[in-house]
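The structure appears below as structure tokens.
Each chain gets a letter, A, B and so on, in the order the sequences are listed, and its residues count up from 1.
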Amino acid sequence: MKVSYYPGCSLHATGKEYDQSMKAVSRALGIELKEVEDWSCCGASSAHSTNFDLSIALSARNLIAAEKNAMDVMVPCAACFNRFKMAEHQLKANKELKSKIEGVVGAKYQGGIAIRNPIDIIYNEIGVDALAAKVAKQLAGLKPVSYYGCLLLRPPEVCEFENYENPYMLDKILGVLGADVRNWSYKTDCCGGSLAISKTKIVVGMVDKLMKAAKEAGANCVVTACPLCMANLDMRPSKKYKLPVFYFTELISLALGVEGAKDTFKSHIFDPQPLLRELKLI
Amino acid sequence: METFLEEVNKKIDGVPIQRCYHCRKCTAGCPVASHMEYNPNKVVKMIQNGKREEVLKSSTIWLCLSCETCITRCPNQVDIARMMDVLRQMAIESGAGAREKNVLKFHKAFLAGIKRGGRINEPMMMAEYKLTSGDLFSDVLMAPGMFLKGKLSLLSPRTKDMKSLKSIFEKTKSI
Ligand code: SF4
Ligand code: SF4
């Protein structure tokens, strides 16, 4: 299949491993990516926290640019995904707002393409059976908890993600890679990402709580699909709660035996390589 | 004259907040309720009681993480997360500013980054935040690691059509 690709700012900086592994996994699974022409920032929480019209307009500019490719747009960053879905929701529900925002952006919004996150594309378009058939190396010994966070799921009528209080798509994907996915009750809890820099102390408490729960569930790593969760969970837990954190795409790459799959592990802040070596996965 | 409640409802432009029957489900699920001056459902009550000043000057509205747990679980579809956005915007527009100063300074640095290059360059944005907030020491240890690991660079590709972005910021009268 062919889709438009919106990397967003994080995937070019702190979330570089997500961009690299997303591209590698897409190649391996036959998903062709075409980057959105001259994209700009989605506005993230700073736009919607301070100016509603700005937040819709910044996302609309990108949706309009993506529409030029006339294909669904894949948005790996959970924060950008959330903002795009919200803009789509508002623009489709409110005609007055739509014409106002079109005036602000200086172009028409058609609303004809779907905004999709890669968990949904891999689970629903590729399918876990096809994915399982491509696994070259079972991730035996890896015991992840899957962490979905907030922005892929909420609000549910905007994000349209399955089972928003107890989602399972990511768990199923990790399961067919041969990982022993642990169950836990914190799949959809917030990590505090949006205040990580300005209210760090509060956020460290939130991150510690999550990592402690992951350990109690018997996990030896945490898996995410959000660059903000990654930065926060990789960097901020107190020493005694640290665990390796992976993007789900890094683990798919590793299991499929994609060339260079190991390369992204080096740039994690908390080094996951000792665990992977111990389990003879690298 | 419009009451505070009417004004907030108009801006939310959805379910009127007086539909809240104070079951406190929002507060029970809110990950930062224990750090807030007023719980999320208390803010609804305060708005109904016209406590404009107290609400707009509270830390609560700046500590909300926009995690959307409240609206997801509210049995009456009261959109507390959207209400918090509206209240922050009203606080800025009324000149009340932000009780949690660094939170607003972060947002300003972030938006300045978009105005500058269309996309966020994380080190530049962080430098701007640190200079304006004076919060020089938090996270300072992590930055060198990020540079060494080749994740961050002072130069990163920008959006070419900056004219369109400039116009978006002007037309929406953004801070
Ligand atoms: S969950 Fe809804 S009804 Fe219950 S207290 Fe919160 S806003 Fe009110
Ligand atoms: S969106 Fe804000 S008020 Fe609602 S649960 Fe999250 S942090 Fe609490």
Side-chain angles (χ1 to χ4, degrees), chain A residues 8-10 12-17 38-41 43-55 57-58 61 82 94 97 103-107 149-151 153-156 158 164-165 188-190 192-203 205-206 235-236 266-269, chain B residues 11 13 31-32 35 62-63 65-69 71-72 79 81 84-86 88-89 92 100 102-111 113-114 118-123 126 129 133 135 138-139 142 145-146 149-153 156-157 159-161 164-165 167-169 171-175:
Chain A
C9 310
S10 283
H12 280 188
T14 45
K16 214 166 136 181
E17 304 92 340
D38 203 35
W39 57 269
S40 50
C41 175
S45 53
S46 294
H48 77 75
S49 289
T50 57
N51 187 318
F52 177 73
D53 289 351
L54 176 73
S55 75
L58 287 174
R61 181 189 181 275
N82 188 281
N94 186 339
L97 177 73
V104 168
V105 179
C150 313
L151 298 165
L153 313 169
R154 291 191 291 265
V158 171
Y164 54 87
E165 288 283 13
T188 70
D189 272 38
C190 178
S194 62
L195 293 183
I197 290 162
S198 50
K199 297 297 294 178
T200 311
K201 243 198 221 137
I202 293 180
V203 173
M206 296 174 73
M235 193 181 328
R236 294 200 172 80
K266 291 194 281 285
S267 49
H268 290 215
I269 300 292
Chain B
K11 293 201 158 118
D13 194 19
V32 277
H35 298 280
W62 298 100
L63 292 180
L65 295 149
S66 307
C67 73
E68 313 263 356
T69 309
I71 168 68
T72 301
D79 195 343
M84 295 291 188
D85 271 351
V86 161
R88 288 186 279 248
Q89 188 161 351
I92 295 168
E100 294 288 342
N102 285 353
V103 176
L104 182 55
K105 280 175 181 158
F106 175 79
H107 293 322
K108 282 188 174 156
F110 193 95
L111 295 175
I114 307 179
R119 302 175 188 174
I120 295 297
N121 176 290
E122 284 170 323
M126 282 300 287
Y129 167 69
S133 65
D135 179 14
S138 72
D139 269 2
M142 129 256 155
M146 289 279 210
K149 285 172 186 279
K151 293 225 249 193
L152 297 184
S153 143
S156 55
T159 306
K160 288 185 219 97
D161 180 12
S164 71
L165 281 162
S167 143
I168 289 175
F169 276 90
K171 287 187 184 151
T172 55
K173 303 193 183 65
S174 166
I175 49 168

Quick one: pull up CD1 in B:I175 and OG1 in A:T50 and give me the separation to the nearest 0.5 Å. 4.5 Å
About how many Å separate CZ of B:F106 and OG of A:S45, when rounded to the nearest 0.5 Å? 6.5 Å
Portion of B:I92 that has a non-hydrogen atom of chain A nearer than 4.5 angstrom: side chain
Could you look at B:V86 and say if it's the side chain, the backbone, both or neither that has a heavy atom under 4.5 Å from chain A? neither
Side-chain (A:R154) to main-chain (B:I71) donor-acceptor, under 3.5 angstrom: no
Chain A heavy atoms under 4.5 Å from B:D13: which part of the residue, side chain, backbone, both or neither? side chain
Toward chain A, the part of B:I120 with a non-hydrogen atom under 4.5 Å: both
Closest heavy-atom pair and its distance - B:D161, A:D38: N-OD2, 2.9 Å
Applying a strict 4.5 Å limit to non-hydrogen atoms, the region of B:K173 in contact with chain A is backbone
From B:L111 CG over to A:N51 CG, what is the distance, rounded to the nearest 0.5 angstrom? 8.5 Å
Of the listed residues (B:P157, B:S66, B:A109), which shares the most heavy-atom pairs with chain A below a 4.5 Å separation? B:S66
For chain B, the option from A:G193, A:S49, A:P155 that forms the most heavy-atom pairs under 4.5 Å: A:S49
Ignoring hydrogens, what is the shortest heavy-atom contact between B:K171 and A:G103? Give both atom names and the distance. NZ-O, 3.2 Å
Approximate separation, where rounding is to 0.5 Å, of B:R88 CZ and A:H48 NE2: 6.5 Å
Top contributor to chain A interface from B:R119, B:H35, B:M84 [non-hydrogen pairs under 4.5 Å]: B:R119
Specify which of B:D85, B:T69, B:V103 makes the most heavy-atom pairs with chain A at under 4.5 Å. B:D85
Does some side-chain heavy atom of A:V158 sit less than 4.5 Å from a side-chain heavy atom of B:E68? no
Locate the shortest heavy-atom distance separating B:E122 from A:S10; write the atom from each residue and the value. OE2-OG, 4.1 Å
Measure the SG-CG distance between B:C67 and A:L195 for me, rounded to the nearest 0.5 Å. 10.5 Å
Answer with side chain, backbone, both or neither: which region of B:L63 has an atom nearer than 4.5 Å to a non-hydrogen atom of chain A? both
Shortest non-hydrogen contact from A:A57 toward B:I168: CB-CG2, 3.8 Å
Taking B:Q89 for the side chain and A:F52 for the main chain, is one N or O donor matched with an acceptor at less than 3.5 Å? yes
Heavy-atom closest pair (A:S46 atom, B:H107 atom, distance to 0.1 Å) is OG-ND1, 2.8 Å
I'd like to know if the side chain of B:T159 reaches the main chain of A:W39, judged simply by a donor and an acceptor atom lying under 3.5 Å from each other, with no hydrogens or angles considered. yes
Interface moiety of A:N82 toward chain B, non-hydrogen atoms closer than 4.5 Å: neither
To the nearest 0.5 Å, how far apart are CG in B:L165 and SG in A:C41? 9.0 Å
Write down the atom of A:V104, the atom of B:S167, and the distance for their closest heavy-atom approach. O-OG, 3.7 Å
